[in-house]
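Notes follow once the structure below has been shown.
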Number of protein chains: 2
Amino acid sequence: MSDQSFPGGHDCRAREIVDRVGDKWSLYVIATLGEETLRFTELKRRIDGISQRMLTVTLRNLERDGIIVRTMYPVMPPRVEYSVTPLGCELLGAVTALVGWAETRVETIEKNRAAYDERAAEQTEAFG
Amino acid sequence: MSDQSFPGGHDCRAREIVDRVGDKWSLYVIATLGEETLRFTELKRRIDGISQRMLTVTLRNLERDGIIVRTMYPVMPPRVEYSVTPLGCELLGAVTALVGWAETRVETIEKNRAAYDERAAEQTEAFG
DNA sequence: ACTCATGGTTACCTCCAGGTGCCCAAGGCA
DNA sequence: TGCCTTGGGCACCTGGAGGTAACCATGAGT
């Protein structure tokens, strides 16, 4: 798998970026930090539903990729700030385009799903 | 969660599209069908490593969303053709932009990861 | 002495995406 | 009679993503 070529001559390593963006919380973290630099607790407060652990894990992964940067001030209590790097800002831009398209089509897709489910139910009813 | 607003006023339902694209095989299926209409077995042959079940599952989901279309010919042995819809073509376009960006940055990200891991190893060595 | 806040870490558990393998219909063909 | 084909369905299993909760150091406030 690791050297599988993407159809059209694309590199499958690019899938890693889609995976990173596609996990449960990265998109929220990137988008939230894209607006302003924030501390850990404030970030947690803004992203409704995220657990402390998942925020830590997500931040670590994004930091490892160089998408966000972590700044620690050696004071007590600890003060840690997170912000997007230029690389992360680029990613945010690319993702925003995808999300923007998705928003314009989300209703179409939901109608498609409903229609599909209805057809499936009819099939089951007729032959089930 | 279902009514969580996306930072910046975005709708979290858009996450569903990212999830669809972010799963393991959808991207390959869309990209492969984006090149030409294909039958089930030929599609399976082109996407290296996919299992029969996962191809079926992925195709069903994409069909349900209206991203691909399934055409069945009632002959024996069965003949079924899959192709992308205009909606799927749009999605492919949006995703291609993201993948394109990812490809130009994949080496940067890998260097970032290596540097991060090295720093982490030094920390462990010094204090572990 | 006790409590609170920050920014975590760790152990533990659950759930499901994804993988494997067997079964199926129906006709052709030897 | 038995085996090949296509396009699946179904049962079962595992690994890992993600959730829960407890613990931690340190200093400041009272």
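- With sequence neighbours left out, the salt bridge (charged side-chain N to carboxylate O under 4.0 Å, His left out) criterion links E107(A) to no other residue.
- Expressed to the nearest 0.5 Å, how far CD1 of I67(B) lies from CG of N112(A) amounts to 8.5 Å.
- Comparing the helix axis at one end of the helix from dA1(C)-dT30(D) to dA30(C)-dT1(D) with that at the other, each defined from 5 consecutive pairs, gives an inter-axis angle of 30° (nearest 10°).
- Nucleotides of DNA chain C with any atom under 4.0 Å from a heavy atom of chain B span, from 5' to 3', dG18(C) to dG27(C).
- The minimum heavy-atom distance between I68(B) and T85(B), with the atom names listed, is C-CG2, 3.8 Å.
- Rounded to an integer number of Å, the gap from Q52(A) CD to dG18(D) P is 17 Å.
- With sequence neighbours left out, E36(A) forms a side-chain contact (heavy atoms from CB on, under 4.5 Å) with L38(A), R46(A).
- By the side-chain hydrogen bond (donor to acceptor under 3.5 Å, both in side chains) test, S26(A) pairs with D23(A), sequence neighbours left out.
- Remark: P of dG19(D) and CG of D23(A) are 10 Å apart, rounded to the nearest angstrom.
- Salt bridge annotation for R113(B)-E63(A): absent, with no cationic side-chain nitrogen under 4.0 angstrom from a carboxylate oxygen.
- A salt bridge links E42(A) with R45(A): the closest approach of a Lys/Arg side-chain nitrogen to an acidic carboxylate oxygen falls below 4.0 angstrom.
- When all heavy atoms of L55(B) and V29(B) are compared, the pair lying nearest together is CD1-CG2, 4.1 Å.
- Applying the salt bridge (Lys or Arg N to Asp or Glu O under 4.0 Å) test to every pair with at least one member in residues 51-61 of chain A, sequence neighbours left out, gives no pairs at all.
- Residues satisfying the salt bridge (charged side-chain N to carboxylate O under 4.0 Å, His left out) criterion with R39(A), sequence neighbours excluded, are absent altogether.
- Between R105(A) and E110(A) there is no salt bridge, since none of the side-chain N atoms of the basic residue sits less than 4.0 Å from a carboxylate O of the acidic one.
- Base engagement by S51(B) is indicated by at least one non-hydrogen atom pair under 4.0 Å involving a base atom.
- Residues from residues 54-64 of chain B placing a heavy atom under 4.0 Å of any atom in DNA chain D, listed by number, are T56(B), R60(B).
- In this structure R79(B) satisfies the salt bridge (charged side-chain N to carboxylate O under 4.0 Å, His left out) test together with E81(B), sequence neighbours excluded.
- Take the nearest nucleotide of DNA chain D for R39(B) and for I50(A): the residue whose nucleotide is more 5' is R39(B).
- Residues V69(A) and Y82(A) fall into different hydrophobic clusters, defined by Ile, Leu, Val, Met, Phe, Trp and Tyr side chains chained together at heavy-atom separations under 4.5 Å.
- Between K24(A) and D19(B) there is no salt bridge, since none of the side-chain N atoms of the basic residue sits less than 4.0 Å from a carboxylate O of the acidic one.
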For nucleotides 12-14 of chain D, give me every protein contact, N/O to N/O, under 3.5 Å, one pair per line with atom names.
none

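- As a member of the Ile/Leu/Val/Met/Phe/Trp/Tyr network built from side-chain separations under 4.5 Å, Y73(A) groups with V75(A).
- Looking at residues 66-80 of chain B, you'll see R70(B), P77(B), P78(B), R79(B), V80(B) sit with a heavy atom under 4.0 Å from some atom of DNA chain D.
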